[in-house]
Amino acid sequence: MTAEAPTAPVVSYGRLIPVTVHFDDLDALGLLHNARYPLLVERAWTELWSEHGVRFDGDWHAAGDACNAVRELRISYEAPVTSPGLYAVHLWLDRLGTTGLTYGFRFCSADGTRTYAQGARVLVRLDASTLRPTPWTDAFRAAGRELLRPAG
């Protein structure tokens, strides 16, 4: 009998990105510190966009679509994370505008079945010289359309 590699959990929209909670991510009560949730979500987004060639390597003028800023962050905590280990972040886009986007996220169990926190974040693409809003590139928009959550 041969052991098969576990298959990645499937979500009906967006992507499920594995993340690891370490012991030092927990607070004095042994709970995942509230400030770690957005950090782990950000790391998951960085991994996802890196797959599409969107990354920051120290030069804002060369960063393209990675030159963006957070306009708004909303998060609600649904259940406590009480131990280190493997979890996941479910990511998707709710809106893809000309210069901005809104993405949704769930911090969840590794298989995606249990939600610990959920929220949304609004990003604005910036021109590196002026720091004014500027349009996303066509390549970014094409990748983003694949992440859009179906209406309804």
Side-chain angles (χ1 to χ4, degrees), residues 8-27 31-81 84-152:
V10 177
V11 289
S12 61
Y13 58 90
R15 289 274 306 278
L16 201 59
I17 306 292
V19 296
T20 301
V21 170
H22 299 276
F23 175 77
D24 61 355
D25 292 321
L26 305 180
D27 65 15
L31 306 175
L32 181 59
H33 191 281
N34 69 82
R36 293 296 194 182
Y37 290 85
L39 174 71
L40 291 165
V41 170
E42 178 70 20
R43 288 178 180 165
W45 267 119
T46 299
E47 181 178 329
L48 186 147
W49 285 117
S50 185
E51 293 173 9
H52 296 283
V54 177
R55 65 180 57 85
F56 176 68
D57 293 323
D59 179 354
W60 285 116
H61 292 279
D65 293 304
C67 185
N68 58 66
V70 176
R71 180 165 185 229
E72 180 181 340
L73 172 65
R74 294 182 316 274
I75 187 168
S76 62
Y77 302 94
E78 309 297 327
V81 171
L86 296 177
Y87 294 87
V89 177
H90 179 195
L91 302 169
W92 66 88
L93 292 182
D94 283 322
R95 184 188 66 80
L96 179 58
T98 302
T99 62
L101 62 80
T102 302
Y103 73 73
F105 63 88
R106 287 186 315 120
F107 189 91
C108 53
S109 56
D111 64 3
T113 59
R114 180 160 188 202
T115 299
Y116 296 98
Q118 58 187 331
R121 192 161 110 167
V122 177
L123 294 179
V124 177
R125 165 77 152 75
L126 299 175
D127 177 278
S129 296
T130 65
L131 297 182
R132 299 291 305 149
T134 195
W136 303 107
T137 63
D138 290 341
F140 183 92
R141 293 179 64 69
R145 280 191 289 276
E146 295 175 14
L147 297 169
L148 283 169
R149 180 161 82 169

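Note that this is a predicted model, so its numbers are computed, not measured. Residue numbers start at 1 and run along the sequence shown.
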Going by atom type alone, with no hydrogens or angles, which donor-acceptor pairs under 3.5 Å involve a side-chain atom of residues 141-152 and a protein atom two or more places apart or on another chain?
from : atom 1 : to  : atom 2 : distance (Å)
R141 : NH1    : G97 : O      : 2.7
R149 : NE     : D94 : OD1    : 3.4
R149 : NH1    : Y13 : OH     : 3.4

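Between L26 and L32, the shortest heavy-atom contact is CD2-N, 3.6 Å. Of all heavy-atom pairs between L126 and A69, the closest is CD1-CB, 3.7 Å. Here the closest heavy-atom approach between residue A120 and residue F105 is recorded as N-CE2, 3.4 Å. When all heavy atoms are compared, the tightest approach of L91 to V41 is CD2-CG1, 4.2 Å. Smallest separation of non-hydrogen atoms from S129 and H61: OG-CE1, 3.0 Å. Of all non-hydrogen atoms in S109 and A88, the two that sit nearest each other are O-CB, 3.6 Å.
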Requested in this report: List the steps and the verdict of ring-ring contact (aromatic ring centres under 6.0 Å, His included) for Y77 and Y116.
Outcome: CA-CA 6 Å; Y77 302 94; Y116 296 98; over 10 Å; no
Query raised in the report: Could you go step by step and tell me if R74 and Q118 meet the side-chain contact (heavy atoms from CB on, under 4.5 Å) rule?
Result: CA-CA 8 Å; R74 294 182 316 274; Q118 58 187 331; over 6 Å; no
Query - Candidate pair R114 and C108, rule side-chain contact (heavy atoms from CB on, under 4.5 Å), full reasoning - result: CA-CA 5 Å; R114 180 160 188 202; C108 53; 5.8 Å; no
Query - Test salt bridge (Lys or Arg N to Asp or Glu O under 4.0 Å) applied to E47 and R15, step by step - result: CA-CA 11 Å; E47 181 178 329; R15 289 274 306 278; 5.9 Å; no
Report task. Determine, stepwise, if the pair V70 / L123 fulfils side-chain contact (heavy atoms from CB on, under 4.5 Å). Result -> CA-CA 5 Å; V70 176; L123 294 179; 3.7 Å; yes
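A 4.5 Å side-chain heavy-atom check between T20 and H22 finds at least one atom pair inside the cut-off. Between L16 and V89, every side-chain heavy-atom pair lies at or beyond the 4.5 Å cut-off. Looking at L73 and P38, their side chains come closer than 4.5 Å, going by heavy atoms from C-beta outward. A 4.5 Å side-chain heavy-atom check between W136 and N68 finds at least one atom pair inside the cut-off.
Remark: aromatic rings of W49 and F140 are close, center separation under 6.0 Å. Between Y103 and W45, a ring centre-to-centre spacing shorter than 6.0 Å is recorded.
Using modelled atom types, no side-chain atom of D127 and backbone atom of L131 make a donor-acceptor pair closer than 3.5 Å.
No more than 12 heavy atoms of other residues, nucleotides or ligands sit less than 6.0 Å from atom CG of D138.
No side-chain donor-acceptor contact under 3.5 Å links R125 and T99. Between the side chains of T115 and R106, a donor-acceptor pair is found at a separation under 3.5 Å.
Electrostatic pairing of R36 and E42 does not count as a salt bridge here, judged by no charged N lying under 4.0 Å from a carboxylate O.
To the nearest 0.5 Å, atom CG of residue L40 and atom NE2 of residue H33 are 12.5 Å apart. Here CG of D25 is found 7.5 Å from CG of L39. Values are rounded to the nearest 0.5 Å.
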